[in-house]
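Heads up, the thing below is written out as structure tokens.
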Amino acid sequence: MHTVKIEAVLGDITLQDVDAVVNAANRQLAGGGGVDGAIHRAAGARELREACRPLAPCEPGDAKATPGFRLPARWIIHTVGPVYRDGRHGEAEVLANCYRRSLEVAEQLGARSVAFPAISTGVYAYPRREAAEIAVRTPRGRPGTVTLVRLVAYDRETWNLYQELLGG
Ligand code: AR6
């Protein structure tokens with residue numbers, strides 16, 4: 001049994017040299033803005049859209065995999081985060097499910113290293129600190145074949161939160 005290492009980096013998820021990158025997608029898996037747009041552009045928008053079409057819809061908290069196409073990563077795991085309202089509509093549970101399900105799918109693929117963006121903290125307006133707590137806590141101590149979880153912050157505030165919560 002391996003213990004999973006959790007690390008935080010500041011950077012662009014499309015450049016991560018890992019087995020699988022997670023995408024913060026929408027239910028239709030149709031591409032969009034933010035990290036979703038960046039992943040679609042970098043992977044190859046046409047191929048990725050075609051690969052996603054038969055997998056849609058993806059419910060919030062669930063995750064589905066496609067090839068990584070032109071990304072350094074071999075797979076893309078598309079998950080759909082919660083739209084944040086007031087924290088009383090099960091948002092935390094759905095966000096934790098995104099991390100949990102993405103790791104399950106990674107296991108099924110045989111991926112050993114997985115990079116996550118800060119799911120739901122952009123357009124979906126999840127408060128950064130609460131989201132970072134879930135991102136750090138959910139993969140912790142998880143048994144299985146994934147040995148590296150890399151939390152990719154795109155802004156310094158998120159990176160600082162990850163460092164603080166990881167005790168770095
Ligand atoms: N690498 C890593 N992180 C990034 C990158 C990047 N290249 N670009 C943005 N981020 P968002 P959501 C960060 O809005 O809130 C899309 O249109 C960004 O700073 O991408 O889950 C989908 O189609 C933020 O911290 O995703 C959905 O409709 C984080 O990624 C909707 O947005 C997530 O921001 C999903 O919204």
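Excluded from the calculations below are hydrogen atoms, water molecules and symmetry mates; all remaining heavy atoms, backbone and side chain alike, are included. Just so you know, ligand 1 is whichever comes first in the structure, and atom 1 is the first atom listed for that ligand. Because the structure is a prediction, the values reported are computed rather than measured.
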Please report the C-alpha distance between E107 and R142 in whole Å, then the side-chain angles of each, then the deciding distance to 0.1 Å, and finally whether the salt bridge (charged side-chain N to carboxylate O under 4.0 Å, His left out) criterion is met.
CA-CA 11 Å; E107 298 278 348; R142 207 179 171 281; 3.3 Å; yes

Would you sort out whether E47 and R49 count as a salt bridge (charged side-chain N to carboxylate O under 4.0 Å, His left out), showing the intermediate values?
CA-CA 6 Å; E47 294 98 311; R49 185 142 17 99; over 6 Å; no

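In this structure, atom 1 (N) of ligand 1 lies nearest to the protein heavy atom I13 N, 3.0 Å. In terms of protein heavy atoms, atom 20 (O) of ligand 1 is closest to V35 N, 2.8 Å. In terms of protein heavy-atom proximity, atom 27 (C) of ligand 1 is closest to Y124 OH, 3.6 Å. When only non-hydrogen protein atoms are considered, atom 16 (C) of ligand 1 lies nearest to G33 O, 3.5 Å. For atom 21 (O) of ligand 1, the closest non-hydrogen atom on the protein side is S120 N, 2.8 Å. When only non-hydrogen protein atoms are considered, atom 25 (O) of ligand 1 lies nearest to T121 OG1, 2.7 Å. Nearest protein heavy-atom contact of atom 3 (N) of ligand 1 is Y154 CB, 3.4 Å. Scanning the protein heavy atoms around atom 14 (O) of ligand 1, the nearest turns out to be V123 N, 2.9 Å.
Atom numbering of ligand 1 starts at 1 in the shown order; those under 4.0 Å from a heavy atom of D36 are 22 (C), 23 (O). Distances below 4.0 Å separate heavy atoms of A24 from the following atoms of ligand 1: 21 (O), 22 (C), 26 (O), 35 (C). Here is the list of ligand 1 atoms found below 4.0 Å of a heavy atom in G32: 17 (O), 23 (O). Here is the list of ligand 1 atoms found below 4.0 Å of a heavy atom in R128: 25 (O). Taking every non-hydrogen atom of D12 and a distance limit under 4.0 Å, the qualifying atoms of ligand 1 come out as 1 (N), 6 (C), 7 (N). Near A38, with a cut-off below 4.0 Å to any heavy atom, the atoms of ligand 1 are 7 (N).
Atoms CG and CZ, from L29 and R27 in turn, are 9.5 Å apart once rounded to the nearest 0.5 Å. Summarising the geometry, atom OG1 belonging to T158 is positioned 3.5 Å from atom CZ belonging to R128; distances are rounded to the nearest 0.5 Å.
Among A131, A125, A42, G122, the residue whose heavy atom sits closest to atom 15 (O) of ligand 1 is G122.
Partners of Y154 under the ring-ring contact (aromatic ring centres under 6.0 Å, His included) rule, at least two apart in sequence or in another chain, do not exist in this structure.
The minimum heavy-atom distance between C98 and V80, with the atom names listed, is SG-O, 3.2 Å.
With hydrogens and angles disregarded, a donor-acceptor distance shorter than 3.5 Å links the side chain of S120 to the backbone of P82. Side-chain N or O atoms of K64 include one that pairs as donor or acceptor with a backbone N or O of L55 at under 3.5 Å. One N or O on the side chain of N26 and one on the backbone of A30 form a donor-acceptor pair closer than 3.5 Å.
Polar contact check, I119 against ligand 1: no nitrogen or oxygen pair lies under 3.5 Å apart.
Here H40 has no heavy atoms under 4.0 Å from ligand 1, in either its backbone or its side chain.
Legend: salt bridge (Lys or Arg N to Asp or Glu O under 4.0 Å) pairs involving residues 79-105, not counting sequence neighbours, sorted by first then second residue: D62-R101, R101-E104.
Counting non-hydrogen atoms of neighbouring residues, nucleotides and ligands closer than 6.0 angstrom, the CH2 atom of W75 exceeds 12 such neighbours.
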